[in-house]
There are 2 protein chains.
Amino acid sequence: MREEARQLDTPSVVLDTLGDWKKTHDCNTLGLDHVGRDVIVMGWVQRRRDHGGLIFVDLRDREGITQVVFDPQADALSHERAHALRSEFVIAVRGTVRRRPEGMTNPKLKTGEIEVLVHELRILNVAKTPPFHIEDDTEASESIRLKYRYLDLRRPLMQRNLLLRHRAAFLTRNYFAEHAFVEVETPVLTKSTPEGARDYLVPSRVNPGKFYALPQSPQIFKQLLMVAGFERYMQIVKCFRDEDLRADRQPEFTQLDLEMSFVGEQDVFTLIEGWIVRLFRELLGVDLPTPFPRMSYAEAMSRYGTDRPDTRFGLELVDLTEIVKDCDFRVFRQALENGGLVKSICLPGGSRLSRKDLDELIEYVQGFGAKGMAWIKVQPEGWQSPITKFLSEEVRRAMAEATGAAPGDILFFVADQPRVVHESLGNLRNRLARQMNLVDSHTFQFCWVTHFPLLEWDPDEKRYVAVHHPFTAPLEEDLPLLDEAPEKVRSRAYDLVLNGTEIGGGSIRIHRRDIQNKMFNALGIGPQEAEEKFGFLLDALQYGAPPHGGIAFGFDRLMMIMSGASSIRDVIAFPKTQKGTCLMSGAPSEADIQQLLELCIRVETEGR
Amino acid sequence: MREEARQLDTPSVVLDTLGDWKKTHDCNTLGLDHVGRDVIVMGWVQRRRDHGGLIFVDLRDREGITQVVFDPQADALSHERAHALRSEFVIAVRGTVRRRPEGMTNPKLKTGEIEVLVHELRILNVAKTPPFHIEDDTEASESIRLKYRYLDLRRPLMQRNLLLRHRAAFLTRNYFAEHAFVEVETPVLTKSTPEGARDYLVPSRVNPGKFYALPQSPQIFKQLLMVAGFERYMQIVKCFRDEDLRADRQPEFTQLDLEMSFVGEQDVFTLIEGWIVRLFRELLGVDLPTPFPRMSYAEAMSRYGTDRPDTRFGLELVDLTEIVKDCDFRVFRQALENGGLVKSICLPGGSRLSRKDLDELIEYVQGFGAKGMAWIKVQPEGWQSPITKFLSEEVRRAMAEATGAAPGDILFFVADQPRVVHESLGNLRNRLARQMNLVDSHTFQFCWVTHFPLLEWDPDEKRYVAVHHPFTAPLEEDLPLLDEAPEKVRSRAYDLVLNGTEIGGGSIRIHRRDIQNKMFNALGIGPQEAEEKFGFLLDALQYGAPPHGGIAFGFDRLMMIMSGASSIRDVIAFPKTQKGTCLMSGAPSEADIQQLLELCIRVETEGR
């Protein structure tokens, strides 16, 4: 072996080849049961310590750490060579497992009662000093971590995250296979999605001037698979959206996508709850109660001001419109006269907030369009507020009753158009809960939100657009409204919300051509435009489409929540920055002019 | 239910909603055990027959077919409505399972002993007459099938193919998870691959003038995962190559990709053999013997004229160079003088080939560059051939012995440069085997081909290029040749060949920076160019890369072989044509001018 070794640039270290050695154990399995055994372990040098004429190395692999000891009396050559070992060198050792001496055990380590006395060392590779130490607590900036991602991924925390993700995907496939789902791969080079977000385009060389689009979701394909009679489809699949990236978005993301035939909402809910329960039990040891609570969109907006309610805490919105409609406070009255609402949040114990705290909160809700926010401190000695004087005793009593306000609490009020009231108070509610430490970060509160509006008015396009997508079925009983009051039609769409984050969404789809036509009509999409944009789906609906529905989950987001990571980048092996770049590979990069010529495209960045 | 139904364009059929019905059984499970039970089945009308006042419908779902019977005495309304049923209508029925009358059973059908007497019918959707009948034997052209893919996929054959594919992927993930592999997703938006095939490019809007590339394989990422210490990575992953499409290629294809640390070739072979054995046993009921035979590249070329030998039949190439080197036949002598070879194939029983047959075969090998092909018919009465006269008795005896030629056989000879000899006779061998029916199409013969050349001379680029890829490790013992005779260096690359088709290929990689430098040097890639193209991989090799190797399999091709399909399009749900188009969706298509502006690119097809 040694003869074949070659000099590295670092002249002092002679490298060995692996030869016919095989790992007998990983670095997390050896214990007192193995004492006396001859073993081969391999991995990375986490740390070397010289002590009392011996050299100790913490050897790290994917599974854990094992201490190996070089003793000149066991093997003089290995001991001599071990002096050269540095952090992140790759080595293999053959040796004997022995009990650590009294007082030298490490109860924090699974292998902490033993060590491996080395009889032979093979140095498989050297390593430069890494730009940051490989351990969970790193002070390295995220850009350094992303640039040296292959080192960042060595950190046990990152390995655990990706292992959790692997196990989650594996469990997911098992669960759905048990429920008769078939995983079918849908195309990545596909057609532009009308009515969606911005597509990534891929120029076609063989069809000059034409472009593929990367899929925003396999929506149409999965519906076609239902028309094709697959009945139960699932896929863990990459999707793409060319949107301006926020902190928690990636240009490519992974979706658990599924679709079922001959089902209604309840079938989807039951199936998904079974999946989530399994994931949380097997990966986190958490038992979740089922069924998950359900709430209509209207109820969610009314009680929480959002369609993604965080139900881990109270602070619900209370509608005071009826109570204050005749009061003297001009701000309230004007809002109501303009068709608005007055809603309140009662924060228990909030009366100790300072004037500065309140000013900050007012500024915060103004960020959501509220013109202002009134407040009342409920003190033992009476109500304290600039607006108390406008409220009669009767109104105050009714308010106290409706909000449950008790001495020591504070009431916040926003009076405005419903949209502004809900956005302001919905966000304020979340902020107050965090600020006052009302959120139990160890609980997982799921909630189905149902009956979303089918359509909303788009003031830019001056037409109705689909809230979910144009294939979402309207509620049967609301169908007659589609012509006369489209904004009132409720849909058969649903979201699954976890701790205030939407983790999945779907719907029962339109399976009838006549209803799909009505839907396009409501969207202001004429027959010809519908034909151009959705022709093949419309055709498919004519050849025996079964009733069907489905759902899709943002897998990255779910993994982020389950692993406790603070960014989806920490559950993705090779993520991109917010500018969509890969700091390691340098993607995207300039293209070869020859290739652009072949693709018949030219770059025109002038004037930018 | 009926009240809510709405008129379709087809005025005579009133549609029902699914309501709260659920399938109690699929269409392949009911049998005599279920007689008397109340069931709900749903699916598509395969066929309707009116007979003796009853209406019979073969109801089809993903799993199979069940006969349902409409009898006016059981439910007059259902019977009346059933008259409207046509092929591919979607229906649900509630009814009672009963034994079919004597003489009416269908032993070919799993449910052929029973039928469901209908008590209630729900017509869920209508269907236009499909452009082809939904059955395995279709005469529809492939372009019609691709255009109406959602109907084509209803054919039981296509459903079986995609189900086989699903089960294969599922088994694959199970197998590798059992062997401690972690599935890690690698990026789809990545950087251009130097030294590879042509990339698909994706313009970046956020980084104007820059492009992502779709991955040709996750090669570099999987090596980085080894550097990152994952030890065992696998992924079933989409890859992309913008090549001119042949009949059996797709612009996007699926790969089983894997990589392992601390291993040599034998570890990869053993692992893969276990996987293949499991797939074939569990999906096809075929038991494969292991280990699979192994053969060096040199041996494969010598015996079969190809590195993808079909070992289901003999007809091996026999080297006659030594035997004929002094004979009088000018063609042989000239070839040898130019450094060529003379090789032969003996076709048993081939002497009955006609002159016309022989002319066709000669023309065939000329297509591979052979200037001609000599032949000798070994007849009981003596050798019959235009070249017999040039061959001495001694040469003939030696030839007969070397080739094993017996009366009734024919010998074919090609004398040329080794490349031409091997390509001609290698292809001739495959053709003869098919023509003479020597191939047992029910056997699966696997074979590992090893020790591929590391480099080959590229006459266009006037430099050596990597046969496999630039990260493939040279054989340790051939390392000294890397400077002096690069073309002689053998690599640690290997392919797995099944019935003459390469289904997988991989290698042990270079894990040492110094050897990677030598490799780039041999490829004529200078330090600066290497840094530009592969900088991050080269960096990674300096921070403690373990010895590692891996392999990748063309999953579509493997599925094609396992399902017995004649095209990979038959194992892909939504494939593209040879022009890279999707006949169903119309992808690729023209892009919106606004979007091109945002991407800072312009289409220039003028002059084409």
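Chain naming here is simple, since letters A, B, ... match the order of the sequence lines and numbering starts at 1 in each.
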Quiz item: Looking at residues at least two apart in the chain, or sitting in another chain, which of them share a side-chain contact (heavy atoms from CB on, under 4.5 Å) with A:Gln542?
Solution: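 A:Gln542: side-chain contact (heavy atoms from CB on, under 4.5 Å) contacts with A:Arg513, A:Asp539, B:Lys128.
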
Self-check item: B:Thr254: partners by side-chain contact (heavy atoms from CB on, under 4.5 Å), with sequence neighbours left out
Solution: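 side-chain contact (heavy atoms from CB on, under 4.5 Å) list for B:Thr254, sorted by chain: A:Glu185, B:Arg165, B:Ile236, B:Lys238, B:Phe555, B:Asp556.
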
[X] versus chain B, heavy atoms under 4.5 Å apart: side chain, backbone, both or neither?
| X | value |
| --- | --- |
| A:Asp242 | both |
| A:Val45 | neither |
| A:Lys147 | neither |
| A:Ala213 | neither |
| A:Asp199 | both |
| A:Leu537 | neither |
| A:Tyr212 | both |
| A:Asp152 | neither |
| A:Ile220 | neither |
| A:Gln595 | side chain |
| A:Ala169 | neither |

Within this structure, what is the [atom1]-[atom2] distance for the pair [X] and [Y], rounded to the nearest 0.5 Å?
| X | Y | atom1 | atom2 | result |
| --- | --- | --- | --- | --- |
| B:Phe221 | A:Arg149 | CZ | CZ | 11.5 Å |
| B:Thr129 | A:Tyr543 | OG1 | OH | 8.5 Å |
| B:Leu18 | A:Phe262 | CG | CZ | 8.0 Å |

Quiz prompt | Salt-bridge contact B:Glu231-A:Arg62 (side-chain N to carboxylate O under 4.0 Å) | solution =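 No, B:Glu231 and A:Arg62 are not salt-bridged.
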
Quiz prompt | SB check A:Arg205 B:Asp244 (cutoff 4.0 Å) | solution =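 Salt bridge flag = yes for B:Asp244 with A:Arg205.
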
Exercise. Check whether B:Asn174 gets within reach of chain A through its side chain, its backbone, both or neither, counting any heavy atom under 4.5 Å.
Key: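 Contact with chain A: backbone and side chain both.
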
Practice problem: Sort B:Arg232 into side chain, backbone, both or neither according to what part of it lies under 4.5 angstrom from a heavy atom of chain A. | Solution: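 For B:Arg232, backbone and side chain are both near chain A.
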
Quiz item: Shortest non-hydrogen contact from B:Trp44 to A:Gly544?
Solution: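 So the two residues come closest at NE1-O, 2.8 Å.
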
Self-check item: Closest contact, heavy atoms only, A:Leu189 versus B:Pro251
Solution: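 Looks like CD1-CB, 3.9 Å.
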
Quiz item: Is there a donor-acceptor contact under 3.5 Å from the side chain of A:Asn125 to the main chain of B:Pro547?
Solution: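 Such a contact is absent between A:Asn125 side chain and B:Pro547 backbone.
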
Quiz prompt | Side-chain donor/acceptor of B:Arg167 to backbone N/O of A:Val182, under 3.5 Å | solution =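 Not at all, since once roles are kept as given, no pair shorter than 3.5 Å links the two residues.
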
Practice problem: Output the option from B:Ser585, B:Ser261, B:Pro546 having the highest count of non-hydrogen pairs under 4.5 Å with chain A. | Solution: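 Ranked by heavy-atom pairs under 4.5 Å with chain A, first place is B:Ser585.
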
Quiz prompt | Option from B:Asp592, B:Leu201, B:Leu599, B:Val202 for which side chain to side chain contact (heavy atoms under 4.5 Å, CB included) with A:Leu201 holds | solution =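 By the side chain to side chain contact (heavy atoms under 4.5 Å, CB included) criterion, A:Leu201 pairs with just one of B:Asp592, B:Leu201, B:Leu599, B:Val202: B:Leu599.
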
Quiz item: Just wondering, do A:Thr190 and B:Phe574 contact through their side chains at under 4.5 Å, heavy atoms?
Solution: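 The answer is no, as the side chains (C-beta and beyond) never meet within the 4.5 Å cut-off.
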
Practice problem: Look at A:Ala228, A:Ala127, A:Ala587 and state which one has the largest set of heavy-atom pairs under 4.5 Å with chain B. | Solution: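 Of the options given, most contacts go to A:Ala228.
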
